[in-house]
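Note sheet for the following structure.
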Protein chains: 2
Amino acid sequence: MNISPKKISDHQLEDQEISINHQKLIDATIETIAKKGLGDTTIAQVAKKAMVSQGYANFRFKSKENLLLSSLKFLSDEYKNSWQRIFEDNNLDPVGRVIKIIENDFSGKIANRNKIAVWVSFYSEVKFRPSYLSICQKQDEIYSSQMEKLIKEVNILSNQSFLTSREISETYLSMVDGLWQRILFDPKMYSHVFCKDLIKKYFRNIYADEKRFV
Amino acid sequence: MNISPKKISDHQLEDQEISINHQKLIDATIETIAKKGLGDTTIAQVAKKAMVSQGYANFRFKSKENLLLSSLKFLSDEYKNSWQRIFEDNNLDPVGRVIKIIENDFSGKIANRNKIAVWVSFYSEVKFRPSYLSICQKQDEIYSSQMEKLIKEVNILSNQSFLTSREISETYLSMVDGLWQRILFDPKMYSHVFCKDLIKKYFRNIYADEKRFV
DNA sequence: ACTCATATTGAATGATTATTCAATACAAAA
DNA sequence: TTTTGTATTGAATAATCATTCAATATGAGT
């Protein structure tokens, strides 16, 4: 099994190369869905955008279904990483964390029209594709429960007891989903600032003493 | 131009027959989208479910696109009629109207999983099909503005001034969209009762004196 | 019974597209 | 240089569908 350093290096390079094409195809898939819609996304278009041959795209991902799945997984992980970093940031107090969460959910990286278009496309197929559901659902459950725990802390600190942490977090999560969808309809009216302000006002109403919800 | 009574009667019958097939096809389209998804809905399946030939379905609606459009229009009108009746009901006071609106938005007729699946399917294509957008957007604007006016009345009656009627109605509308989407993911958790209670609690928190938000 | 107009059929067509695979490019090892 | 294994191509295949249309059914008027 004597493996030479060269060989390892080669292998790593190989993996990197593979990885580059892999990611190029996923990026191209997301761009294509964002531009044409899930239904009008063909392997030929994706391959062209990724600048590889059509045959290669299929070979690399085994099937179109698998390419779509991988793209959804990528988006889902990207989102997860963004909020996980906030929950794990020990420099933040509960209210500061909530504010960061809101800002993240309506940041240019997460809530831009292209990515929302992709999200909503997959959401709309969730009922028919258990594989989509399983990717989204698990992470959503974690997000929900983390959010509820966080709100519980804020509730305690602010002596708020009329609304339960569950109620507040469910309201927040449904508002985010709804606003994302509305961004698709009318991105001018539902600007990031508008959405963030609306949600902050919601919190401000609940936690009247907390001046940070602008 | 002497038209005999018989002839008129025939003509009406003819129209009715046409109308029956027309509606059978639209119903079948909605059912098929709800069962298979927009992307996997074929004219053949719809025609089979409506018990007419494939060729007829195409002939009658001129194109698949047009059949889908007509189906969206039908759903959209059905929804509009349901809330318009509430806004026009003079027996209701503002708060009573809000409660009826909430109940309507999560009634079995409107917020069932099949219809939501169809809604979300069309929503997800809105960015790519201006024709879908134009059907949805206009009615949504009316609903929004009616809702805002209604909330303004409630605000005045209850001396609530921290949240504007715009803010409350936008919050309500985005919550409804978000909750509808969540019903697709997890209809058990997001039951109609759960959704209605969540929203009523939101209003109860704003209008603390109003006991009718359960 | 016959004619005519309209409604409806269903098989044929043509377009689109995922998938396959034999052929080729390429680069590393000998 | 030659060999060998892997990466990549792109043309061929096969399946799926929307759409068309010639043929047929239906039923009212004469």
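Labels below follow one simple rule: chain letters A, B, ... track the order of the sequence lines, proteins then strands, and each chain is numbered from 1.
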How are the rings of [X] and [Y] set to each other: parallel, tilted or perpendicular (split at 30° and 60°)?
X	Y	value
A:Phe213	A:Phe203	parallel
B:Tyr143	B:Tyr79	perpendicular
A:Phe194	A:Tyr190	perpendicular

Quiz item: Is B:Arg204 paired with B:Asp197 through a side-chain N to carboxylate O contact shorter than 4.0 Å?
Solution: no
Rounded to the nearest Å, what distance is computed from the [atom1] atom of residue [X] to the [atom2] atom of nucleotide [N]?
X	N	atom1	atom2	result
B:Asn21	C:dT8	CG	C1'	9 Å
B:Gln45	D:dT16	CD	C1'	11 Å
B:Arg60	C:dT9	CZ	P	12 Å
B:Met51	C:dT8	CE	C1'	15 Å
A:Lys48	D:dT9	NZ	P	15 Å

Practice problem: Show your reasoning for whether side chain to side chain donor-acceptor pair (under 3.5 Å) applies to A:Asp77 and A:Gln139. | Solution: CA-CA 9 Å; A:Asp77 286 342; A:Gln139 299 206 356; 3.1 Å; yes
Self-check item: Degree of bending in the helix from C:dA1-D:dT30 to C:dA30-D:dT1 once both end axes are built from five pairs, to 10°
Solution: 10°
Practice problem: Please tell me if the side chains of A:Cys195 and A:Met175 come closer than 4.5 Å, counting only heavy atoms from C-beta onward. | Solution: no
Quiz item: Does the B:Ser169 side chain pair with the main chain of B:Arg166, one donor and one acceptor, at a distance under 3.5 Å?
Solution: yes
Quiz item: In B/S/- notation, 5' to 3', how is nucleotides 14-20 of chain C contacted by protein heavy atoms closer than 4.0 Å?
Solution: ---SBBB
Practice problem: Take atom NZ of B:Lys49 as the centre, draw a 6.0 Å sphere, and report whether it contains more than 12 heavy atoms from other residues, nucleotides or ligands. | Solution: yes
